[in-house]
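Reminder, nothing fancy here: chain letters follow the sequence lines and each chain counts from 1. Keep in mind the model is a prediction, meaning the values are calculated, not measured.
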Amino acid sequence: MDMSEELSGNEYRQQRIENMQKLEEAGFPAFGKAFERTSNLAELNETFEVGRQVKICGRIVAMRKMGKMAFAHISDGSDKFQLMVKKDLIGEENFAAFRLLDIGDIVGVEGEIFRTRTEENTVRVMEWTLLSKALLPLPEKFHGLQDVEMRYRQRALDLISNPESMEVFKKRTQVMREIRRFLDDRGFSEVETPMLQQIAGGAAAKPFKAHYNALNVDVFMRIAPELYLKRLIVGGMDRVYEMNRNFRNEGLDRTHNPEFTCLEIYQAFGDMRTMQELIQSMFVHLAETIFETVEFDWMDNTINLQTPWREVPYRDLIRERLGDDWFSKTLDEAKAKAEELEVHIEEGMDFREVTHEIYDKTIEGTLIQPTFITRLPAELVPLANRCADDPELVDVFELIIGGKEIAPAYSELNDPIEQRKRFEEQAAGDGSKIDEDFLSALEYGMPPTGGMGIGIDRLLMLLTGSDAIRDVILFPQLKPRG
RNA sequence: GGGCCGGUAGCUCAGUCGGUAGAGCAUUUGACUUUUAAUCAAAGGGUCCUGGGUUCGAGCCCCAGCCGGCUCACCA
């Protein structure tokens with residue numbers, strides 16, 4: 001690696017290499033072997049008991065050296081713990097060697113735990129061993145790593161020096177585990193469907209393209225698993241979900257990453273109502289088991305997940321905000337209103353499109369508390385069943401929380417003839433884009449089915465109070481380094 | 001893509017009117033057996049994002065570019 005050359009002039013690194021050599025001469029090899037600890041540091045703090053003998057290990061994150069004794073803090077990602085090293089306990093040579101350690105080094109120690117005068121849990125070190133030498137210095141201890149770009153490029157460094165960042169990703173792990181547990185307990189099966197697809201279906205988005213040499217065909221990274229999950233419903237897997245990556249070849253901003261994690265859930269013999277109950281129960285379950293609250297602060301608002309959540313048909317919401325007579329207005333009147341609200345209207349938009357543009361720009365963002373928008377115009381949602389009492393509307397909801405769309409759910413379209421029609425409209429003459437295998441599956445008969453998609457990254461933003469998707473994705477997409 | 005803000009020591013940041021580059025942490029040396037953002041004394045450490053320009057003189061002003069953040073637009 002060129003790194004070593006690049007940094008060979010680095011004074012800090014040079015000093016650490018010298019310290020490493022001195023340590024090795026003193027009988028402390030720089031890169032030790034496996035270390036069997038009695039517990040991690042969080043467990044040790046939880047079960048603290050004065051006088052117990054322990055073996056613990058971690059990275060040195062702070063060091064206070066004095067003439068004949070030294071204090072240090074080690075951290076292992078679960079918590080911190082203080083070490084006390086005294087010359088008269090470990091001997092002159094071991095003490096001198098300990099003083100050669102640098103912040104960032106990983107050590108293992110053995111000794112008895114006690115509390116200092118200031119009531120801090122501490123281990124009185126009797127033995128210590130160097131497990132790994134750090135050649136590069138850690139960021140400043142008090143402020144941590146602030147440089148936004150470096151936090152994403154050097155995530156390891158971010159996790160070491162910013163505990164709040166570590167906390168977010170621990171929460172992410174817990175949330176995903178608890179979602180699986182919740183769904184498994186309800187009889188759902190987690191499945192895996194193709195990431196490499198020859199037709200990228202199930203959503204309207206630009207796909208990433210790749211080439212498969214063995215078959216000499218172009219393939220696409222999936223934009224959604226939907227069409228495969230529905231095949232499984234046809235096949236008799238009654239309750240399935242997949243929580244995994246989707247890829248969309250689109251822009252990059254605070255709420256978009258080109259690869260993102262999506263949970264898709266399908267329940268046979270259910271409908272949009274089934275999903276409505278499911279998501280409310282699931283979110284409250286997550287909130288209570290992981291966060292121990294149903295209230296979340298996010299972007300200057302407090303969001304309360306207490307159920308039941310508000311439900312409002314799309315048209316009622318529009319009337320509520322734009323006036324009872326909205327739907328009897330003319331196109332010109334609607335455009336005038338849009339102008340008044342400073343909503344940009346494209347040439348050639350019809351009444352429905354103008355209405356939806358106003359909704360998108362001025363209404364959705366104001367729905368802070370969880371809200372189900374139901375009975376959407378059919379044109380907006382091509383893959384859903386129509387409402388029984390009004391064929392112009394579809395039986396779906398869009399869940400809005402904090403002014404953002406969190407989850408759409410449908411009473412899924414299961415009429416293969418209608419489905420083919422809509423695919424053909426979508427494909428606009430390009431027959432190669434129509435997933436014939438999926439249509440065949442539908443022709444064998446798909447039961448009425450409730451389906452839902454949840455953007456996991458956005459859910460995590462909400463639950464962890466993060467205002468950027470990059471703060472909840474370990475390795476977000478970045479521009480290549482110039 | 002447009003607008004605004006930013007890029008200075010390993011890290012976090014100051015830098016006045018254009019006049020020899022600053023602090024804290026970190027590092028090195030010394031003192032120190034209950035410290036905890038340890039303390040005290042001293043020292044070393046800079047491609048001021050890059051390239052041009054104006055000027056006797058540029059971290060600072062001008063132009064172009066690179067990188068990042070916010071925001072608007074686009075995209076869905």
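Within 4.0 Å (heavy atoms only), A/R470 reaches sugar-phosphate atoms of the nucleic acid but no base atom. Using a 4.0 Å heavy-atom distance criterion, A/D360 is classed as a base contact. No engagement by A/H256 is indicated, since no non-hydrogen atom pair under 4.0 Å with the nucleic acid exists. Within 4.0 Å of A/R254, counting heavy atoms only, lie sugar-phosphate atoms of the nucleic acid but no base atom.
Atom CZ of A/R64 and atom P of B/U27 are 13 Å apart (whole Å). Counting to the nearest Å, the C1' atom of B/U35 and the CD atom of A/E119 are 15 Å from each other. Distance A/F142 CZ to B/A26 P: 13 Å, rounded to the nearest Å.
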(request) Determine, stepwise, if the pair A/T193 / A/R231 fulfils side-chain hydrogen bond (donor to acceptor under 3.5 Å, both in side chains). (result) CA-CA 10 Å; A/T193 64; A/R231 284 163 162 90; over 6 Å; no
(request) Spell out protein contact along nucleotides 29-34 of chain B as letters: B when the base is contacted, S when just the sugar-phosphate is, - when no protein heavy atom is under 4.0 Å; keep the 5' to 3' order. (result) ---BBB
(request) Spell out protein contact along nucleotides 6-11 of chain B as letters: B when the base is contacted, S when just the sugar-phosphate is, - when no protein heavy atom is under 4.0 Å; keep the 5' to 3' order. (result) ----BB
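Rounded to whole Å, the separation between the P atoms of B/A14 and B/C61 comes to 16 Å.
When both pairing distances are held under 3.5 Å, B/A21 makes no Watson-Crick or G-U pair with any nucleotide shown.
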All N/O contacts under 3.5 Å from nucleotides 40-43 of chain B to the protein, with atom names and distances to one decimal?
none

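Comment: A/K335 does not engage A/E339 in a salt bridge, judged by the lack of any side-chain N to carboxylate O separation of less than 4.0 angstrom.
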